[in-house]
Protein chains: 4
Amino acid sequence: MVRGRKVNSNGEKSKQLLRTKAIEIFSTKGYYQTKISDIVKAANVTQPTFYLYFESKESLFLDLKEEFQQNLNNIFEHPQEFRISQVIEKLLYYFAENPLLTKIGLYQSDDSFLVKEKLVEKFQQVLEKEKNQYHLLEGLDIKTISQSLMGSIERLTLTLLITEQKTAAELSEELLSIYFNQQAALATAK
Amino acid sequence: MVRGRKVNSNGEKSKQLLRTKAIEIFSTKGYYQTKISDIVKAANVTQPTFYLYFESKESLFLDLKEEFQQNLNNIFEHPQEFRISQVIEKLLYYFAENPLLTKIGLYQSDDSFLVKEKLVEKFQQVLEKEKNQYHLLEGLDIKTISQSLMGSIERLTLTLLITEQKTAAELSEELLSIYFNQQAALATAK
Amino acid sequence: MVRGRKVNSNGEKSKQLLRTKAIEIFSTKGYYQTKISDIVKAANVTQPTFYLYFESKESLFLDLKEEFQQNLNNIFEHPQEFRISQVIEKLLYYFAENPLLTKIGLYQSDDSFLVKEKLVEKFQQVLEKEKNQYHLLEGLDIKTISQSLMGSIERLTLTLLITEQKTAAELSEELLSIYFNQQAALATAK
Amino acid sequence: MVRGRKVNSNGEKSKQLLRTKAIEIFSTKGYYQTKISDIVKAANVTQPTFYLYFESKESLFLDLKEEFQQNLNNIFEHPQEFRISQVIEKLLYYFAENPLLTKIGLYQSDDSFLVKEKLVEKFQQVLEKEKNQYHLLEGLDIKTISQSLMGSIERLTLTLLITEQKTAAELSEELLSIYFNQQAALATAK
DNA sequence: CATGAATGAGTTTTCATTCAT
DNA sequence: GATGAATGAAAACTCATTCAT
């Protein structure tokens, strides 16, 4: 029945460990299926320790979700002007680098749908500007294309990117080919 | 409220009402966040009434999920040979007709990922056969296309189809254009 | 959804059937483990029918228990004077003829212990009068013998009598031999 | 009552208290009639505390039952050869020392009948070997005697031993006298 | 800094009983 | 005489959170 501070223990370390384990489990099982007991077991500390560093289960999850969203916002902050190819690339690179946070923010968070709606809007804006450059887009509803693109990105991220079967670069290129690249078609047509 | 039979009460009606409410709530909040108390409140009966008609929360949810999956299997049963356009159409029509069940089977069920994997496989098979017909596919990884298509379908279903902003027919056509139709591009190119 | 009186149905018949099934199930599973739903299922009627004939689960069980106890009382009513052999015989014959009621009254009822205490008292009284006739009893505590006899009777009833491995006659004789019969011993001794 | 640790609280103490109370109540009311709420009320803690120390109501009961059975097995383990007098003595001593566990294992457990059947078999084996030494046994069915003895032991245990009206030593001697001891009879006969 | 011990507030599920037909 | 439909009351169990050490 030893109590009190562990030898070599260190607050910041415990906090980081808890955070890491929380991300792992949240990203896999989702918010409701993740129990505090799971997290602390994985971090090898007790439940009260969790509350030493985080206000509540909810606030931690919210923090993680917001971190994801914040990062996402930062990506598109500086230069207002992006080409769709850059948008796709930047997204995939970010997702590839933060797979677990991405799973949380894109699939597990209750307002992941908002995040996606925002991205879709972004796509729309960009495509609106670029539509003349892609013959393939002619006659197509940009809203539909944007939503479709969002769907493609989220699924490819989940199944091929995060699983490391493909790289962000590869997937960017493939997506661009699918959605906007007439090379093949044009070549053939000629 | 007193015990015993309600005036004008009717078992089949109650069961259907409960089922309907359950589908509504399951499809919105998911399995874990849906409480029996939510369902019975919506159906204006008490908790034991739920157990009069359903074995448990889990078995009801499983039934709904399986109904969705069964329907899906039936779609592709008869003629073994489908063209990708038919596959997409049939999916979207089915989803449009069963929006809530679709939400459950495609987004809320624990094994929705399996359903999608199966669909992706289907896409791959069909595309493998048809690849020569679509110049756009040249040089592209069919697996990636299939996954991407799955993503597009699931997102368009969720955001445009189920919300009745677009019809299954419209979305099928748009998807075909995006993924396989060179018309516009070719026309322009000429 | 047919409702109302069954063709050929008959109140007394239903009541008897319910009673019979109740006895069967109560005797096997005990009061708390027996559900009204078990009883009515066995009798092939619905739950409200049970309440048509019996006030409640408890009152039916109490009735059965009291019937057992009443019968038991009747056995020893008339001639005040019994020999221990007669007491044992009469008990075993009654138990053999009413195996299920016996199981209820002797093993399942909450106050079966009272019944047994009363029987033990009876044994004591009778033995007190007869003790001179049985040399084996000399020096032994009649209370202990009476309790022991009660235990023997209840166990033999449960394991050999009710299972029809032995008859009441056989067991009476054997019990008398064990507890009071010196024949063998004396014969040998001489 | 507030949340969190009680002043001076101690886990092992709480667990033991819960166990003790559980044994008391299980032994009196049986498994089904014992509610967790009874146990925790008796131990002056809340229901979750119960689950802090025990997996479930069932597993606790099973543990207690198995403890009883294990002890019982241990009694007869070492020397394979026992005389019936020793068997009876050892049983009664064990029962006297563990009255509540005995009530659970011998009367309340769902498989107490198995325990008794096993004991009866033991009696049979031992008596088979010793039958020549007891003239009283001549002409009697050893199975009946064994069952009868089991009944005597269980009843005497319940009514005289556990209630501390008689000691294990006294009851052993009395049982031996009743079942196997011709002294008195013989003495008289001579 | 960290733990051991405990609890409030739910959640699913069961069962005897009772109305309306 | 009998059923279909419903419910009140309680049971076991879970989980995020909190106090005392």
Side-chain angles (χ1 to χ4, degrees), chain A residues 1-15 32 34-40 45-53 55-58, chain B residues 1-15 32 35-38 40 45-53 55-58, chain C residues 1-15 32 34-38 40 45-53 55-58, chain D residues 1-15 32 35-38 40 45-58:
Chain A
M1 249 172 297
V2 184
R3 221 169 282 161
R5 184 173 184 166
K6 276 188 193 162
V7 187
N8 281 334
S9 71
N10 170 301
E12 197 52 35
K13 215 174 76 188
S14 290
K15 179 170 184 176
Y32 298 106
T34 297
K35 297 169 208 155
I36 301 287
S37 60
D38 296 336
I39 299 172
V40 298
V45 298
T46 58
Q47 303 222 30
T49 300
F50 178 92
Y51 290 91
L52 215 53
Y53 300 113
E55 219 181 81
S56 67
K57 177 186 168 182
E58 195 183 5
Chain B
M1 224 177 284
V2 272
R3 246 158 168 178
R5 185 175 192 156
K6 279 183 186 165
V7 186
N8 268 335
S9 72
N10 170 304
E12 195 50 36
K13 220 174 73 189
S14 292
K15 179 172 183 176
Y32 297 105
K35 313 295 174 196
I36 304 281
S37 60
D38 298 334
V40 298
V45 295
T46 57
Q47 299 230 32
T49 299
F50 178 92
Y51 291 92
L52 210 54
Y53 301 112
E55 222 181 74
S56 67
K57 176 185 165 183
E58 194 184 7
Chain C
M1 247 170 297
V2 184
R3 221 170 280 159
R5 185 175 185 168
K6 275 189 194 160
V7 188
N8 281 334
S9 72
N10 171 302
E12 196 52 34
K13 217 174 78 190
S14 290
K15 179 169 184 176
Y32 297 105
T34 298
K35 296 168 208 154
I36 300 288
S37 61
D38 296 336
V40 298
V45 297
T46 58
Q47 302 222 31
T49 300
F50 179 92
Y51 289 92
L52 214 53
Y53 301 113
E55 219 182 81
S56 68
K57 177 185 169 182
E58 195 184 5
Chain D
M1 223 178 284
V2 272
R3 244 151 165 185
R5 185 175 191 154
K6 280 182 186 165
V7 186
N8 267 334
S9 72
N10 169 304
E12 196 51 36
K13 217 175 72 189
S14 292
K15 179 171 183 175
Y32 297 105
K35 314 297 174 196
I36 304 281
S37 61
D38 298 334
V40 298
V45 296
T46 58
Q47 296 227 30
T49 301
F50 178 91
Y51 292 92
L52 210 54
Y53 301 112
F54 307 101
E55 222 182 74
S56 67
K57 176 184 163 182
E58 194 183 6

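Every chain is numbered from 1, with letters handed out A, B, ... down the list of sequences.
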| K35(B) side chain to Y32(B) main-chain N or O, any donor-acceptor pair under 3.5 Å? | yes
| said: If the cut-off is 4.0 Å, is T49(C) near the phosphate of dT3(F), judged by side-chain N/O to OP1 or OP2? | reply: yes
| query | Does a nitrogen or oxygen in the side chain of T46(D) sit under 4.0 Å from OP1 or OP2 of dG8(E)? | reply |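 For dG8(E), neither OP1 nor OP2 has a side-chain N or O of T46(D) closer than 4.0 Å.
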| query | So what stems show up for DNA chain F if we need 3 or more Watson-Crick or G-U pairs in a row, all under 3.5 Å? | reply |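 Stems for DNA chain F, defined as runs of 3 or more consecutive pairs: E:2-21 with F:2-21.
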What is the separation between atom [atom1] on [X] and atom [atom2] on [N], rounded to the nearest whole Å?
| X | N | atom1 | atom2 | value |
| --- | --- | --- | --- | --- |
| R5(B) | dC19(E) | CZ | P | 14 Å |
| F50(D) | dC15(F) | CZ | C1' | 17 Å |
| Y53(C) | dT17(E) | OH | P | 18 Å |
| F54(D) | dT14(F) | CZ | P | 15 Å |
| K15(A) | dA2(E) | NZ | P | 13 Å |
| K6(D) | dT17(F) | NZ | P | 22 Å |
| K13(D) | dA6(E) | NZ | C1' | 13 Å |
| E12(D) | dT21(F) | CD | P | 19 Å |

| field | Whichever of G4(B) and E58(D) has its nearest DNA chain F nucleotide further upstream toward 5' | value |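 Counting from the 5' end, the first nearest nucleotide belongs to G4(B).
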| message | Quick check: on DNA chain F, is the nucleotide nearest L52(C) upstream (toward 5') of the one nearest E55(A), or the reverse? Name the residue that is more 5'. | response | L52(C)
[X]: partners by side-chain contact (heavy atoms from CB on, under 4.5 Å), with sequence neighbours left out:
| X | answer |
| --- | --- |
| Q47(A) | I36(A), S37(A), V40(A) |
| E58(B) | Y31(B), S56(B), L62(B) |
| S14(B) | Y53(B) |

| request: Can you sort out the partners of T34(A) under side-chain hydrogen bond (donor to acceptor under 3.5 Å, both in side chains), two or more places apart, ordered by chain and number? | output: none
Could you go over nucleotides 9-12 of chain E and give all protein N or O partners under 3.5 Å, atom names and distances?
unit_1	atom_1	unit_2	atom_2	d
dT12(E)	OP1	I36(B)	N	3.3
dT12(E)	OP1	K57(B)	NZ	3.4
dT12(E)	OP2	I36(B)	N	3.2

| query | When rounded to the nearest 0.5 angstrom, what is the spacing between OG1 in T49(B) and NZ in K15(B)? | reply |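 Spacing of OG1 (T49(B)) from NZ (K15(B)) equals 13.5 Å.
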| said: If you define the side chain from C-beta out and look only at heavy atoms, does anything of K6(B) sit under 4.5 Å from V45(B)? | reply: yes
| field | Candidate nucleotides dA20(E), dA5(E), dT3(F), ranked by approach to the side chain of V7(B) - the nearest | value | dA20(E)
